[in-house]
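Beneath this line is the structure, given in structure tokens, with notes to follow.
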Amino acid sequence: MAFHETIQELPSLQGSSSFFDTGTVIALCVFFALLCVCIIIGHLLEENRWANESITALLLGLCAGVVVLLISKGKSSKILVFNEDLFFLYLLPPIIFNAGFQVKKKQFFKNFTTILMFGVFGTVISFCLASLGAFYLIKKIGVTSLQTKDYLAIGAIFSATDSVCTLQVLNQDETPFLYSVVFGEGVVNDATSIVLFNAVQTLDFNNVDTLTALKLVGNFLYLFVTSTLLGIVAGLLSAFIIKMLYFGRHSTDREVALVMIMAYLSYMLAELLNLSGILTIFFCGIVMSHYTWHNVTESSRRTTKHGFATISFIAETFIFLYVGMDALDIDKWKGSHASPGTYIAVSSTLLALVLIGRAAFVFPLANIKNFVKRRDSTRIEFRQQFIMWWAGLMRGAVTIALSYNQFSGSENTSPDSALMITCTIIVVLFSTVVFGSITKPLIETVMLRHAKPLTSDVTDNQSLEDLRILFLENGDPSDQGNGSSSNNQPAQRASSLRLLISNPTTTVHYFWRKFDDKFMRPVFGGRGFVPYVPSSPTGEADEAS
């Protein structure tokens, strides 16, 4: 969003001694005033079934774009110009970091295999279907100047979901499994989509063979693992530094500043090393919430928890507000030279590919998981599958940013490129406003919130105490209350093996807790391993999350 490009006919202020450009100051004043109005309206519509803050910001941006378009007499509606670098470097990091910082870790890692299955394999399936569908269908509409790289980019662009509307409705306590899967899949999905998009940019389409596909898979695995490890290392380093130096004894401001800067530094290092900054800062947030947050003072805990949430909220509102305003940039619509029928045809095709691509992996993968784990307590019911499908239909700022990256610039000035940008905006507006507005009543109807909670939540696993008895004790027959016959030992070992196979995440979680308490927390701090400060919270409530 380059601030230097503003409404062309804004009046100049005479006698201003400011070294800032007048148009920039006016544009910023208008934009931040709209942010304030959006926050107030969002608060007033808190309990409304058909609206949320995302839709409010988008609609308010559209209204502001109309007003600016009228003031400029149809010449331009630009207040701020969208720049994907600013989006990825400044707006996206606080949103992803806060997501990792606030996530309920136990639920997230308990469902980690499901999240990876939907976030990685599901995104690849959606990418393939969207690319093939765009290649065959958009050509028939009359868009013929796009190249193979453009169609593959379209697949990556429209595979990037935006689950903000759904997550605003789902409750972590009422539907913990759905929330953790939808939330986790959204983060992994965005990272996978961006990795696929960047891979498409580097492919040599003159020499595509099986080795190229293997290199693409290997590159993705490399990026995923290294990005995750970088985030973990950055989080542990921040925890160790604060635990050893204990900044809070001298300055809470330094303590909070170090947490924020090291989190952002992890993202920038990932970008510098051509890794996935989204995965890096997300796992950095998780590690910081597990170790670093417990090493700081009470005032710092309150400041970081609410401060990160506030910054994330402002960034989300900023993005949706700007997308609404930028949608009425008249230059984009004039540059495509397309008829209304072409707009409708291309946009409908892209929206249909989104619907089909999402359904093509949600329902099959969910049923495969049900087949592999047949216990009733781990099955994903059809109503849950439907919500998971619906949660990924909305498209947002990541989709627009990738579209701008692919189809704007000096190398992409053709009318078809402008058409793809405007159709992307149409899909984002329609999916957010239409799908988002009916998300809350739809989920309430499907999930029957006032009925008895679903028993298919995967949190209903064997307790950790059962695992302690089965894995770590010697299986003393006296503990079983069945006498001292040695014939009970083989049955005990068989039961242990079945439990390990049927509940791998629970078992791994238990052993991780043992390792964490014995080795990690004494070094990096955390709940129960931090210097005592009077009236400082213990963090037990957060540990339960």
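None of these values were measured; they are calculated from a predicted model. For this chain, numbers begin at 1 and follow the sequence in order.
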Closest non-hydrogen atom pair, L275 against S227:
CB-OG, 3.3 Å
Quick check for you: to the nearest 0.5 Å, what is the distance between F158 atom CZ and T399 atom OG1?
6.5 Å
Does the separation of the ring centres of F88 and Y267 fall below 6.0 angstrom?
no
To the closest 0.5 Å, what do you measure between OG1 (T280) and CG (L223)?
9.5 Å
Which atom pair, heavy atoms only, marks the closest approach of M420 to L350?
CE-CD1, 4.0 Å
Smallest heavy-atom separation, L59 atom then V433 atom, equals CD2-CG2, 4.1 Å
Correct closest heavy-atom pair for A327 and L429 would be CB-CD1, 3.7 Å
So that I know where these two stand, are F121 and F361 an aromatic pair - ring centroids less than 6.0 Å apart?
no
I'd like to know if the side chain of Y291 pairs up with that of D516 as donor and acceptor (distance under 3.5 Å, no hydrogens or angles considered).
yes
Distance col, row F127:CZ vs N189:CG, nearest 0.5 angstrom, shows 13.0 Å
Nearest 0.5 Å, please: how far is CZ in F197 from OG in S403?
8.5 Å
Aromatic centroids of F430 and F435 separated by under 6.0 Å:
yes
Using a distance-only test with no angle check, is there a side-chain donor-acceptor pair under 3.5 angstrom linking T123 and S159?
no
Minimal non-hydrogen separation, V428 against R395, with atom names:
CG1-O, 3.3 Å
When every non-hydrogen atom of A234 is compared with those of C284, the smallest separation belongs to CB-SG, 4.1 Å
Would you call R383 and E444 a salt bridge, taking side-chain N to carboxylate O under 4.0 Å as the test?
no
